[in-house]
Amino acid sequence: MPRVLVITYYFPPAGGAGVQRTLKFVKYLREFGWEPVVLTAREADYPARDETLLQEIPEGVHIYRAPLFEPYRLYRKFTGKAADTATDIATLTREGHERQPWSERLAEAIRATLFVPDARMTWLYPALQLGRKILRSEKIDLLFSSAPPYTTHLIGCRLKRAAGLPWVADFRDSWIGWLSTPQWRPAPCRALEYRMETRVLADADRILTVSPGVQEDLLSRHPDLRDARWQQLPNGFDAADLAGVKPLEKAPGFTLIYTGSLYGNRNPHFLLRALEQLLAEHFPPLAQLRIRLVGRVGEPILQEIAASPAAPLFEHIPYVNHARSLQYLLAADAALLIIDDAPANRGILTGKLFEYIGARLPILALAPEGDAAALIRRHGLGLCVPPGDSSAIAAALRRLLAEPGSGPKREQEEAGRLFERRELTHQLATLFDGLIQAAGDKGGK
């Protein structure tokens, strides 16, 4: 069985959305003729942890963990944050008026200046050293790296150059200027980051992206690299996860659920305005509505909800493990998706969207025109309205509450089959097979 070295920072016991894609590939690759070997981080500073995900790693998979220095531990001390504060995109991409005093502004400036391409750059050389040993001991046939963080692609790029192996670079997000990256860097640092991005895209044998928007954002900076190496492989859901979950007892009324994190501009501000409008109209079905937020929610958002007349409609469940999150999901009547209206976000296809599809729930999407809106409309998955239009959101809520229990459509069942993790892993393995065959044909000439 050929062997693929999977290079990923996010891997169990990491929790949250970033771990799911690569974990599920590792879970199912053996079924399609590939043995995964994992290179990941040791004692990493993950924004969320979920020990239960360790149970999904197939028995006997070799996992190597390279050490790294996590600067976020110093960041917490410098800014006076508690040692257990989750320091991730929720605190590092605030609007200017949301930023804390000089200590946090200075910390962000240091991040933008010294940590290129990202704060996990200290993992590069330990991972390369360990990676070279893995290549010798495990007889690796192919390299696969998944980002962010983008340091993983630098590791993949250098191991490819050292060993001459085929390499697949997987982009869950785009890179320069994307939501999860510094929006500003000093000119020399931005130039260095651009050279890194260029080298990765030029050297990869295949470039995977989770959506058309991510692909086009990358190509907007590198139009000369548009060629046959690019392929889209979306996120998905694991039917096995859902099949093994016992839903929580159904709450009275109509439950609209959001799973995941809410922070910064990704917030329910206009949903609150729509709810307040319906309250002022004395819309009777609203009394049956419960909006359940399951996951990490920024304190400013919780404060805004608490100050609204619509606050009694909300329930916040702090971060829970993935299995528990699915229990809440399967006990809901509809699912809420929020994507704020920014140019980069129009290419976002979040992992939660596909879990909503797997749960066969109608979706209320507050999202700009883009990849998510197009997918929801194409497959008849629910309602999609502009995220900043409270009147349109109110109209969508009226429709949703007027037609409770309508049930999944045939189109939703078909979409479920398209985005199942096992099928997506089959597609990835087929791509790997093609690369190995091409490498063999080239070597035989």
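Residues satisfying the side chain to side chain donor-acceptor pair (under 3.5 Å) criterion with Asp141, sequence neighbours excluded, are absent altogether. The ring pair (Phe, Tyr, Trp, His ring centres under 6.0 Å) check on Tyr194 picks up His222, with sequence neighbours excluded. Under the ring pair (Phe, Tyr, Trp, His ring centres under 6.0 Å) criterion, Tyr319 pairs with no residue, sequence neighbours left out. Every residue meeting the salt bridge (Lys or Arg N to Asp or Glu O under 4.0 Å) condition with Glu31, not counting sequence neighbours, appears here in chain and number order: Arg422. Applying the side chain to side chain donor-acceptor pair (under 3.5 Å) test to Ser145 and every residue at least two apart in sequence or in another chain returns His153, Trp167. Partners of Arg195 by salt bridge (Lys or Arg N to Asp or Glu O under 4.0 Å), not counting sequence neighbours: none found. Arg172 is linked by a side chain to side chain donor-acceptor pair (under 3.5 Å) to Ser146, counting only residues two or more places apart in sequence or in another chain. Arg229 is linked by a salt bridge (Lys or Arg N to Asp or Glu O under 4.0 Å) to Asp227, counting only residues two or more places apart in sequence or in another chain. A search for ring pair (Phe, Tyr, Trp, His ring centres under 6.0 Å) contacts involving Tyr9 returns Tyr46, not counting sequence neighbours. Scored by the salt bridge (Lys or Arg N to Asp or Glu O under 4.0 Å) test, Glu420 finds no partners at all (sequence neighbours excluded). With sequence neighbours excluded, the residues that form a ring pair (Phe, Tyr, Trp, His ring centres under 6.0 Å) with Phe354 are Phe419.
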CA sep, side-chain torsions, deciding dist, call: Tyr328, Leu248, side chain to side chain contact (heavy atoms under 4.5 Å, CB included): CA-CA 6 Å; Tyr328 280 109; Leu248 296 177; 3.3 Å; yes
Test side chain to side chain contact (heavy atoms under 4.5 Å, CB included) on Ile436 and Trp34 and set out the steps. CA-CA 11 Å; Ile436 291 297; Trp34 281 85; 3.3 Å; yes
Walk me through it: do Gln327 and His322 pass the test side chain to side chain donor-acceptor pair (under 3.5 Å)? CA-CA 9 Å; Gln327 286 185 302; His322 187 235; over 6 Å; no
Set out, in order, the CA-CA distance, both residues' side-chain angles and the distance that settles side chain to side chain contact (heavy atoms under 4.5 Å, CB included) for Val116 and Met121, then state yes or no. CA-CA 7 Å; Val116 184; Met121 61 175 287; 5.6 Å; no
Using the rule given for side chain to side chain donor-acceptor pair (under 3.5 Å), can you reason through Glu197 versus Tyr150, listing the C-alpha separation, both sets of side-chain angles and the distance that settles it, and then say yes or no? CA-CA 9 Å; Glu197 184 181 67; Tyr150 306 94; over 6 Å; no
Apply the test side chain to side chain contact (heavy atoms under 4.5 Å, CB included) to residues Val37 and Val6: give CA-CA distance (whole Å), side-chain angles for both, the deciding distance (0.1 Å), then the verdict. CA-CA 6 Å; Val37 177; Val6 176; over 6 Å; no
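Classified by interplanar angle (parallel below 30°, tilted 30° to 60°, perpendicular above 60°), the ring pair Trp175/Phe171 is tilted.
Put simply, the side chain of Trp123 gets close to the backbone of Ala66: a donor and an acceptor are under 3.5 Å apart. Between the side chain of Thr152 and the backbone N or O of Pro149, at least one donor-acceptor pair lies under 3.5 Å. Thr8 places no side-chain N or O within 3.5 Å of a backbone atom of Phe11 that could act as its donor or acceptor partner. Of the possible polar contacts, none joining the Asp341 side chain to the Pro368 backbone as a donor-acceptor pair under 3.5 Å is found. In terms of modelled atom types and a separation under 3.5 Å, the side chain of Arg30 and the main chain of Met1 share no donor-acceptor contact. A donor-acceptor pair under 3.5 Å links the side-chain atoms of Thr181 to the main chain of Trp178, judged by distance alone.
Taking every heavy atom of both residues into account, Val38 and Leu5 meet most closely at C-CD1, 4.3 Å. Across all non-hydrogen atoms, the minimal contact from Pro212 to Gln232 is CG-OE1, 3.3 Å. Residues Ala163 and Leu135 come closest through the heavy atom pair CB-CD1, 3.7 Å. Across all their heavy atoms, Phe32 and Ala429 have their closest contact at CB-CB, 3.6 Å. When all heavy atoms of Val26 and Pro58 are compared, the closest pair comes out as O-CG, 3.7 Å.
Salt-bridge formation is not detected for the pair Glu35/Arg3: no Lys NZ or Arg NE/NH1/NH2 atom is positioned less than 4.0 Å from an Asp or Glu carboxylate oxygen. Note on Arg111 versus Asp118: no salt bridge recorded, every NZ/NE/NH1/NH2 to OD/OE distance being 4.0 Å or above. Of the charged side-chain nitrogens involved, none lies within less than 4.0 Å of a carboxylate oxygen, so that Glu43 and Arg65 do not count as a salt-bridged pair. A salt bridge links Asp238 to Lys27: one of the charged nitrogens lies within less than 4.0 Å of a carboxylate oxygen. Using a 4.0 Å cut-off between charged side-chain N and carboxylate O, Glu355 and Lys352 make no salt bridge. Taking a cutoff of 4.0 Å between a charged side-chain nitrogen and a carboxylate oxygen, Arg273 and Glu304 qualify as a salt bridge. Taking 4.0 Å as the cut-off between side-chain N and carboxylate O, Arg421 and Glu423 do not count as a salt-bridged pair.
Side chains of Tyr258 and Leu337 form no contact here, defined as non-hydrogen atoms less than 4.5 Å apart. Residues Ile317 and Leu293 have side chains not in contact (no heavy-atom distance under 4.5 Å, counting atoms from C-beta outward). Put simply, the side chain of Ile155 reaches to within 4.5 Å of the side chain of Leu159, judged on heavy atoms. Side-chain contact between Leu428 and Leu233 is present, with heavy atoms from C-beta onward closer than 4.5 Å. Inter-residue side-chain proximity for Leu242 and Phe237 is flagged as met; some heavy-atom pair is nearer than 4.5 Å. For the pair Arg296 and Pro318, the minimum side-chain heavy-atom distance is 4.5 Å or more. No side-chain heavy atom of Pro67 sits under 4.5 Å from any side-chain heavy atom of Phe69. Looking at Val168 and Ile207, their side chains never come closer than 4.5 Å, going by heavy atoms from C-beta outward.
Here the CG-CG distance, from Leu383 to Leu400, works out to 6.5 Å after rounding to the nearest 0.5 Å. Annotation: the span from Leu219 atom CG to Gln215 atom CD amounts to 5.5 Å, rounded to 0.5 Å. For the atom pair CZ (Arg136) and CD1 (Ile134), the distance works out to 10.5 Å, reported to the nearest 0.5 Å. Here CZ of Phe432 is found 5.5 Å from CG of Leu142. Values are rounded to the nearest 0.5 Å. Note that the CG atom of Leu361 and the CG atom of Leu330 stand 7.0 Å from one another [nearest 0.5 Å]. The OH atom of Tyr356 sits 4.0 Å away from the OG1 atom of Thr259 when rounded to the nearest 0.5 Å.
Side-chain atoms of Ser174 and Arg221 include a donor-acceptor pair closer than 3.5 Å.
For residues 147-167, the set of pairs meeting the salt bridge (Lys or Arg N to Asp or Glu O under 4.0 Å) definition, not counting sequence neighbours, comprises Lys160-Asp205, Arg161-Asp203.
Within a 6.0 Å radius of CD in Gln129, no more than 12 heavy atoms belonging to other residues, nucleotides or ligands are found.
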